[in-house]
Asker: 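The structure's right below; bear with me while I get my questions together.
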Amino acid sequence: MGKMKKHIFLTALAALVLLFSFSCQDISSKKESVKKQKTEIDKKVSALVSRMTLEEKVGQMTQITLDKFYKETLDTTMLHEYIVKYGLGSILNSHHDKSGMTVALSMQEWRDLQTMIQRYAGESRLKIPILYGIDAIHGVTYLKGATLFPQNIALAAARDPKVVHAAAKITAKEVRACGIRWNFDPVLGVGRQPLWSRFEETFGEDSYLVGELGEAVIRGYEEDGLDKPTAVASCMKHYLGYTVPLTGKDRTPAYIPEIVLRQIFLPPYKVAVDAGASTAMINSGSINGIPVHASKYLITDVLKNELGFTGLVVTDWEDIIALYKQHHVAKDNKEAVMMAVNAGIDMSMVPYDLSFYHDLIALVQEGKVPMSRIDDAVSRILRLKFRLGLFDNPFPEDGTEEYYEKPEYKEVALQAAREAITLLKNDTLQGKPVLPLSKKMRLLVAGPGANSRATLNGSWSYSWQGQDESLYPESVRTIRQAIEEKIGKNKVINIAPEGFQNVSPQQINKLRKFASQADAIVLCLGENSYAESPGSIDDLTLPQDQLRLAEAAAKTGKPVILVLTEGRPRIINGIVPSMNGILLAYRPGNLGAPAIADILFGEVNPSGRLPYTYPRYTGNLMTYDMPVRAARYYRPQWPFGFGLSYTSFEITSLKADKDTLQAGDTLLVTAVVKNSGSCDGEVALDLFVRDMTATVAPPMRKLRKFTRVALKTGETKKVRFTLTDEDWSFIDSTLEPRIEAGKMAVLLGNKEAVFYLKN
Ligand code: BGC
């Protein structure tokens with residue numbers, strides 16, 4: 001090395017060391033101040049708890065829905081009474097209109113409401129502020145004009161924690177713009193039951209993917225520090241095992257062996273606790289016959305003690321009442337309250353009355369619930385209120401109005417939708433792929449999804465069910481409108497049946513008639529919006545009328561592009577062969593339609609990958625990570641991780657840097673990815689590990705890492721993944737994590753590299 005070069009090198013090295021020590025100092029001083037803040041808060045909490053009466057403590061543990069206080073209008077006397085006399089701890093949700101639909105409010109209405117509520121709280125003896133909670137599931141559900149992002153199931157297809165994080169940050173800001181500081185999100189259930197009506201709220205069937213994206217959401221909500229006006233408290237939910245009801249119906253029992261609970265369902269919660277999630281909501285269902293709300297084992301032993309969760313545990317909707325009315329494990333409300341609170345519940349989403357309040361006071365007086373349990377619950381609640389800065393200023397902060405509805409939010413929503421949408425089929429017709437379409441074409445845009453905003457968004461979209469089209473902002477484009485904006489209204493013929501269940505013979509005839517005037521058909525099928533139990537179905541097959549419409553479209557002889565907007569994989573095996581192109585858009589959100597149009601016309605190259613196994617048969621609902629013994633039956637329509645592109649990618653030189661490693665070693669896996677096709681694109685890469693032999697039958701393969709890479713035509717990039725013990729550990733028959741010696745393989749695309757673990 002020449003003198004000059006050496007000098008530059010040493011200076012750079014010194015700068016680097018300095019930078020490193022600064023950033024280390026930074027991190028350690030940040031940690032110090034967090035610790036200090038924690039100690040200070042703990043002191044304030046115990047001082048406050050020591051001044052509280054039993055009634056005041058139980059009041060803090062009570063959560064009531066806003067609707068309770070609405071007759072025709074807001075009953076401020078009742079609201080005041082609940083807050084001041086009963087010392088209510090928390091309020092949630094929006095209220096209902098006359099038709100029973102949950103109402104979306106404007107930002108100002110939300111702020112005014114919060115201001116009034118906190119003023120009342122200021123009149124209570126101890127002036128403890130109210131913790132208001134809301135569902136902002138893919139954007140702020142009950143805020144007029146809020147930005148709605150793709151549902152989690154779509155975000156999972158994007159394999160991009162950065163975009164998930166960005167969407168969460170925006171959501172946090174819009175929640176804060178309403179003066180609210182607690183969001184009942186994210187859903188960390190692993191979606192392994194496609195019939196289930198809340199499948200779209202999950203990040204899909206793989207627990208690693210769920211954990212990684214869940215962590216991105218929690219960081220997005222909380223990392224700025226809960227006392228900052230850009231943050232909200234997250235709520236990991238619905239702990240545990242809600243996503244796999246045996247019947248497929250919402251809120252019905254699940255049967256999950258403990259080994260599976262620990263292998264598949266618990267890990268995302270561990271990740272979330274470590275990421276600092278400040279609250280948790282409990283699953284309304286039961287596991288192996290025990291309602292989770294009554295399970296001391298799952299709530300206290302596992303969540304609080306084993307995972308070390310120090311935050312607040314809230315019930316789901318009316319779930320203590322459900323212990324006696326639905327599950328029949330308690331004889332009355334009082335017994336149910338005793339079970340739940342002793343199991344470790346800190347706050348009850350009652351949500352309509354004071355039954356919890358009165359029964360819990362009596363139970364403590366009778367010695368059936370220890371005061372230590374009450375103090376623990378109240379401390380968890382108050383700690384959060386202090387951390388959120390509610391004691392300093394409980395009102396909507398000045399300046400947070402600015403966080404509402406910014407143009408850049410739409411860009412994030414658009415990017416997320418573009419990355420998520422998954423190309424499942426692209427036939428070559430007369431030597432050319434049918435997609436992308438030419439803008440010169442005349443298109444027949446048909447099917448119930450073509451003119452629906454609800455189908456793009458699904459649940460929790462300006463109303464609980466998301467079905468009211470009139471609530472969506474004018475700026476939200478339908479698929480038809482987005483296509484018209486690309487090629488001109490005059491080139492679009494539109495016949496969109498109104499419903500997703502029934503398509504009349506007249507509409508089918510219309511489709512036949514108009515097809516002759518078009519160069520191709522864009523057929524928009526799928527599901528209307530639904531949320532929770534109303535979305536339960538008995539048949540996973542797409543409704544027969546929609547399939548008939550597809551058959552009629554295919555018979556016209558025109559190329560047919562199927563665009564699916566659906567929250568769960570509806571079975572379509574009968575029509576797959578006759579559709580020339582298939583684009584799965586999931587629930588792509590408010591900007592979903594422009595993203596679909598971008599992909600249809602080739603302005604964006606599709607890159608989404610299935611976050612679940614798309615089943616081919618109703619009698620074959622398997623996940624990709626079943627043990628090898630089941631492998632020969634894994635015959636999906638499309639497997640987990642499937643997704644096409646307009647270009648082609650080649651993976652070569654997949655290498656593990658060691659062929660033998662011991663516990664504690666890391667393994668660096670590298671590969672070269674090349675865009676070998678004729679257009680630029682992004683590729684989402686899934687890296688799997690396969691354990692060849694283990695004492696617990698190993699899965700066919702297991703996702704361990706993923707990444708996204710952008711490549712211009714002809715470009716090549718090296719990708720790297722660092723694997724550690726965690727990536728080959730599994731839960732053994734004693735329910736402990738374990739690593740076993742033997743042969744393993746890493747799999748990327750169609751390449752495989754073998755390595756050995758030594759004892
Ligand atoms: C849902 C929760 C939601 C709660 C409050 C329940 O019905 O299961 O996910 O957070 O309502 O709206």
Side-chain angles (χ1 to χ4, degrees), residues 62-68 70 89-96 100-105 110 131-143 146 151-153 171 175 178 180-189 191 193 196-203 214 217 221 232-245 249-252 254 269 272 277-286 291-293 312-323 325-327 345-352 458-466 530-536 567:
T62 306
Q63 187 186 52
I64 299 287
T65 184
L66 184 67
D67 202 37
K68 167 77 184 171
Y70 267 80
S90 177
I91 303 180
L92 86 149
N93 221 0
S94 183
H95 66 95
H96 293 161
M101 202 168 68
T102 331
V103 172
L105 306 181
W110 274 120
L131 177 61
Y132 203 101
I134 196 81
D135 292 284
I137 304 300
H138 63 127
V140 194
T141 304
Y142 301 124
L143 169 65
Q151 292 278 355
N152 285 350
I153 200 67
T171 301
V175 171
C178 296
I180 299 173
R181 304 186 191 190
W182 187 16
N183 184 9
F184 303 132
D185 191 64
V187 169
L188 294 185
Q193 167 52 287
W196 186 50
S197 54
R198 303 188 75 171
F199 190 78
E200 68 191 34
E201 293 182 56
T202 76
F203 287 114
V217 175
Y221 289 158
V232 289
S234 66
C235 184
M236 48 179 177
K237 70 184 191 185
H238 309 74
Y239 176 87
L240 180 74
Y242 182 31
T243 48
V244 283
K249 307 290 187 292
D250 188 35
R251 288 182 158 79
T252 59
Y269 289 95
S278 51
T279 75
M281 189 187 290
I282 301 300
N283 163 18
S284 303
S286 60
V292 184
H293 283 80
L312 137 67
V313 173
V314 64
T315 72
D316 200 348
W317 191 267
E318 223 169 37
D319 269 325
I320 293 187
I321 292 173
L323 289 179
K325 283 201 176 162
Q326 309 285 335
H327 293 288
I345 290 294
D346 301 314
M347 181 183 278
S348 171
M349 192 186 285
V350 191
Y352 282 107
S459 50
W460 307 105
S461 304
Y462 307 116
S463 68
W464 176 45
Q465 293 296 310
Y530 49 79
E532 302 190 37
S533 304
S536 293

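Order of appearance sets the numbers: ligands from 1, and atoms from 1 within every ligand. Start at 1 with the first residue, then count along the sequence. If you're wondering where the values come from, they're calculated on a predicted model, not measured in any experiment.
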Asker: Which is it for Thr202 and Trp196 under the side chain to side chain contact (heavy atoms under 4.5 Å, CB included) test, yes or no, and what are the steps along the way?
Answerer: CA-CA 11 Å; Thr202 76; Trp196 186 50; 3.9 Å; yes

Asker: Ignoring hydrogens and angles, state whether a donor on the side chain of His138 or Ser459 is under 3.5 Å from an acceptor on the partner side chain.
Answerer: no

Asker: Of all residues at least two apart in sequence or in a different chain, which pass the side chain to side chain donor-acceptor pair (under 3.5 Å) check with Tyr242?
Answerer: Arg198, Asp250, Arg251

Asker: Output, in order, the C-alpha distance, side-chain angles, deciding distance and verdict of side chain to side chain contact (heavy atoms under 4.5 Å, CB included) for Ile134 and Val175.
Answerer: CA-CA 8 Å; Ile134 196 81; Val175 171; 4.2 Å; yes

Asker: Taking 4.0 angstrom as the limit and counting only heavy atoms of Glu532, give me the atoms of ligand 1 inside it, by number and element.
Answerer: 1 (C), 6 (C), 7 (O), 8 (O)

Asker: Ligand 1 versus Glu201, non-hydrogen atoms closer than 4.0 Å: side chain, backbone, both, neither?
Answerer: neither

Asker: Provide the number and element of each atom of ligand 1 under 4.0 Å from a heavy atom of Leu92.
Answerer: 5 (C)

Asker: Among all the protein's non-hydrogen atoms, which is closest to atom 8 (O) of ligand 1, and how far away is it?
Answerer: Asp316 OD2, 2.6 Å

Asker: Are any of the N/O atoms on Asp135, whether in the backbone or the side chain, positioned under 3.5 angstrom from an N/O atom of ligand 1?
Answerer: yes

Asker: At under 4.0 Å between heavy atoms, which part of Arg251 makes contact with ligand 1: side chain, backbone, both or neither?
Answerer: side chain

Asker: Polar contacts were defined as any N/O atom of the residue lying under 3.5 Å from an N/O atom of the ligand; does this apply to His238 and ligand 1?
Answerer: yes

Asker: Determine whether the aromatic ring centres of residues Trp182 and Tyr221 are separated by less than 6.0 angstrom.
Answerer: no

Asker: Nearest heavy-atom pair of Gly241 and Ala254: which atoms, and what distance?
Answerer: O-CB, 3.7 Å

Asker: Taking only heavy atoms of Lys237, which atoms of ligand 1 are found under 4.0 Å from at least one of them?
Answerer: 2 (C), 3 (C), 9 (O), 10 (O)

Asker: Within the 4.0 Å heavy-atom shell around Arg198, which atoms of ligand 1 are there?
Answerer: 1 (C), 2 (C), 8 (O), 9 (O)

Asker: Assess the side chains of Glu532 and Trp464: does a donor N or O sit below 3.5 Å from an acceptor N or O?
Answerer: yes

Asker: So if I count the atoms of ligand 1 from 1 in the order they appear, which ones are less than 4.0 Å from some heavy atom of Met281?
Answerer: 2 (C), 10 (O)

